[in-house]
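See structure below.
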Amino acid sequence: MRKWNNEFTRFVIVGGLNTANYYFFYVLFYNLLGWYYLLSHILAFFISMVISFFLNVYFTYKVKPTLGKFLMFPFTQVVNMSVSSLLIYLFVDLLHWNGNIAPLAAVVFTVPITFFVTSKILKR
């Protein structure tokens, strides 16, 4: 049981929940509302980021949420947002992948980077 109770494992679990939240909103905006895929991506990303903050402070890192941490938390996502947006663009516009699959593929590349940056911000 102890091997499942470490920060990275909890981060991956929260990441799975965040991915589900993100993907729910992305599909809602992209498929149901018919919005442009990058707009859908950005809006879904910001909604899931707020949810992510609270899941990470309470579950992953078990730290006290503060206004300062909340305001700094978006910086943990700057690289994530940049890399994922670039990858989604490359996958959809250059490689002609399905717009529903591209965000899921991009997440594979961004998880390790985001874990490192998030832990530095929330644990200080």
Using 30° and 60° as the class limits, which term best fits the ring planes of W35 and F29: parallel, tilted or perpendicular? parallel

Distance-only, no hydrogens or angles: does the T76 side chain make a donor-acceptor pair with backbone N or O of F73 under 3.5 Å? yes

If you define the side chain from C-beta out and look only at heavy atoms, does anything of S48 sit under 4.5 Å from F25? no

L39 and Y30, any side-chain heavy atoms less than 4.5 Å apart: no

Under 4.5 Å between side-chain heavy atoms, hopping through other hydrophobics if needed: is there a path connecting F115 to M49? yes

OG1-OH distance between T19 and Y26, expressed to the nearest 0.5 angstrom: 14.0 Å

My understanding is that only residues two or more places apart in sequence, or in another chain, count here; which of them pass side-chain contact (heavy atoms from CB on, under 4.5 Å) with T114? F11, Q77, N80, T110, T118

So CZ of F53 and CG of L71: to nearest 0.5 Å the spacing works out to 8.5 Å

Mind checking whether P103 and Y37 have side chains closer than 4.5 Å, heavy atoms only? no

Which pair of heavy atoms, one from F91 and one from A106, lies closest together, and at what distance? CE1-N, 3.9 Å

Just verifying a value: how many Å separate N18 CG and I13 CD1, rounded to the nearest 0.5 Å? 12.0 Å

K69 and K123, any side-chain heavy atoms less than 4.5 Å apart: no

Check whether any side-chain heavy atom of V63 lies under 4.5 Å from a side-chain heavy atom of Y58, and answer yes or no. no

OH (Y22) and OG (S84) are apart, to the nearest 0.5 Å, by 6.5 Å

Crowding at OH, Y36 (>12 non-hydrogen neighbours, <6.0 Å): yes

State plainly whether the residues K62 and E7 are in salt-bridge range, i.e. N to O under 4.0 Å. no

Should N21 and I47 be marked as a side chain to side chain contact (heavy atoms under 4.5 Å, CB included) after you check the CA-CA gap, both sets of side-chain angles, and the distance that decides it? CA-CA 8 Å; N21 288 327; I47 291 168; over 6 Å; no

Looking at CG of L55 and CG of L17, how far apart are the two atoms once the value is rounded to the nearest 0.5 Å? 6.0 Å

Please tell me if the side chains of M72 and L122 come closer than 4.5 Å, counting only heavy atoms from C-beta onward. no

More than 12 non-hydrogen atoms from neighbouring residues, nucleotides or ligands closer than 6.0 Å to OH on Y61, yes or no? yes

Measure the CG-CG distance between L43 and L28 for me, rounded to the nearest 0.5 Å. 10.5 Å

